**Q** 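Take this structure, written in structure tokens, and hold onto it; I'll ask about it next.
Values in this document were obtained by computation on a predicted structure and should not be read as measured data. If you read the sequence from its start, that first residue is 1, and numbering goes on from there.
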Amino acid sequence: MAADAHFEPCGRNTAPAVAVAAMATAAAHGDDTPVLVLSADHIIDDVPALQGAVTRALELAGQDRLVLFGLEVKSPQTAYGYIQAHGENILRFVEKPDQQEASRLYASGGYLWNAGIFCFKAGVFLRELNRHAPAVMEAAARSLEKSLDHSLKWPDSGGLELDEEAFSQAPNLSVDYAVMEKTDRGAVVRCDPGWRDIGSWRSFGALNPEDENGNHVCGEVLLKDVAACSVHSAAGRLVAGLGLKNLLIVDTPDALLVADQSREQEIKGLY
């Protein structure tokens with residue numbers, strides 16, 4: 001990777017962000033430089049297992065493949081995308097399913113969870129991106145070029161703030177949708193690195209010990225007759241609960257969220 005970080009001025013999903021990273025890497029180190037893409041909201045418990053998977057992914061990337069990491073399906077989850085694979089070849093992608101479909105995929109045994117971890121040569125990814133999603137490529141390149149021209153340095157970081165006007169023109173596409181679901185260079189590496197996605201408040205709360213009533217709490221919390229709840233107090237004040245069940249409560253300095261835990265996947269629809 002290039003030495004400097006590149007800061008997104010607005011959220012445009014993963015494809016534009018990875019495009020900028022690949023461009024910076026190729027410019028600094030050459031098109032054949034491998035890039036490993038990992039999400040910040042994942043926890044890996046078995047680092048040696050991940051390292052083994054990365055080693056195999058680098059071998060495939062060296063053959064100009066775009067590699068996706070696939071995880072063993074351990075339960076019928078609706079929060080993850082699925083991959084149908086034969087060996088290291090990707091057969092098809094399945095978007096986040098409903099509960100009935102997730103149960104069917106789990107029972108079939110022929111699917112993997114899409115970990116959202118990728119490995120590829122910078123130049124190979126950019127060529128495939130330009131082939132399948134040229135609008136993403138153009139906006140990312142224009143944003144990076146304008147930022148370099150105007151030296152938009154992020155304060156106290158040494159990183160580069162991307163030009164917002166250009167970056168905001170990028171289609172809001174994931175790497176999967178923009179490239180992986182369309183390319184004929186895709187490959188999957190199976191791994192079981194003790195992966196945990198903490199991209200939701202409920203999964204984040206599960207990092208805290210469970211009490212005798214099945215609650216996960218963080219911060220200053222007082223509960224009575226409360227069961228199966230996840231409560232986060234991050235505003236420096238006491239959060240008290242009485243007679244509650246199966247709720248998600250998140251108190252931060254700027255907002256308070258109260259939701260049924262079974263509907264946490266709908267939270268994004270609130271804003």
**Q** Determine the minimum heavy-atom distance between C10 and F167, stating which atoms define it.
**A** O-CE2, 3.4 Å
**Q** State which residue, out of D32, L66, V35, fulfils the side chain to side chain contact (heavy atoms under 4.5 Å, CB included) condition with V124.
**A** L66
**Q** Keeping the roles fixed (side chain from S233, backbone from V221), state whether a donor-acceptor pair exists under 3.5 Å.
**A** no
**Q** Does a side-chain heavy-atom distance below 4.5 Å link D46 with D192?
**A** no
**Q** Is it true that R142 and E145 have a side-chain N and a carboxylate O under 4.0 angstrom from each other?
**A** no
**Q** State, with a plain yes or no, whether a side-chain heavy atom of L71 is found less than 4.5 Å away from one of C191.
**A** yes
**Q** Look at the side chain of N172 and the backbone N and O of N13, then say whether any donor-acceptor pair between them is shorter than 3.5 Å.
**A** yes
**Q** Could you check if a side-chain atom of R127 sits within less than 4.5 angstrom of a side-chain atom of N130, using non-hydrogen atoms only?
**A** no
**Q** Donor-acceptor pair, distance only, cut-off 3.5 Å: does the side chain of T183 make one with the backbone of V179?
**A** no
**Q** Given 3.5 Å as the limit, does a donor-acceptor pair link the side chain of D211 with the main chain of N213, or not?
**A** yes
**Q** Look at the side chain of E264 and the backbone N and O of R202, then say whether any donor-acceptor pair between them is shorter than 3.5 Å.
**A** yes
**Q** Under 3.5 Å, side chain of D260 to main-chain N/O of S262, donor-acceptor pair present?
**A** yes
**Q** With no hydrogens and no angle check, is any side-chain donor or acceptor of S143 less than 3.5 Å from a backbone partner on D163?
**A** yes
**Q** With the threshold set at 4.0 Å, does a side-chain nitrogen-carboxylate oxygen contact exist between E88 and R65?
**A** no
**Q** For the pair D251 (side chain) and A234 (backbone), establish whether a donor and an acceptor sit closer than 3.5 Å, ignoring hydrogens and angles.
**A**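 Here the side-chain-to-backbone pair does not exist.
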**Q** Looking only at atom types and distance, does a side-chain atom of S230 sit under 3.5 Å from a main-chain N or O of L248, one as donor and one as acceptor?
**A**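 Judged by distance alone, no pair lies under 3.5 Å.
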**Q** Considering the options V136, V175, L162, L129, which one meets the side chain to side chain contact (heavy atoms under 4.5 Å, CB included) requirement together with P16?
**A** V136
**Q** Is a side-chain donor or acceptor of Q99 paired with a backbone partner of P76 at a separation under 3.5 angstrom?
**A**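 Such a contact is found between Q99 side chain and P76 backbone.
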**Q** With under 30° as parallel and over 60° as perpendicular, where do the rings of F204 and W201 fit, or are they tilted in between?
**A** perpendicular
**Q** Please work out which of the three classes, parallel, tilted or perpendicular, describes the rings of W195 and W113, given edges at 30° and 60°.
**A**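 The arrangement is tilted - the two ring planes meet at 30° to 60°.
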**Q** Would you check if there is a donor-acceptor pair between the side chains of D176 and S174 at a distance under 3.5 Å?
**A** no
**Q** Between V217 and V250, is there shared hydrophobic-cluster membership here, with clusters defined by ILVMFWY side-chain heavy atoms closer than 4.5 Å?
**A** no
**Q** Test the K182-Y177 pair against the cation-pi criterion, namely NZ or CZ under 6.0 angstrom from the six-membered ring centroid and within 45° of the ring axis.
**A**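 The answer is yes, since K182 meets both limits relative to Y177.
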**Q** How about F120 and V67: do any of their side-chain heavy atoms sit closer than 4.5 Å?
**A** no
**Q** Is there a side-chain contact between D31 and K121 in this structure, where contact means two heavy atoms from C-beta onward sitting under 4.5 Å apart?
**A**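 With C-beta onward as the side chain, the pair stays apart.
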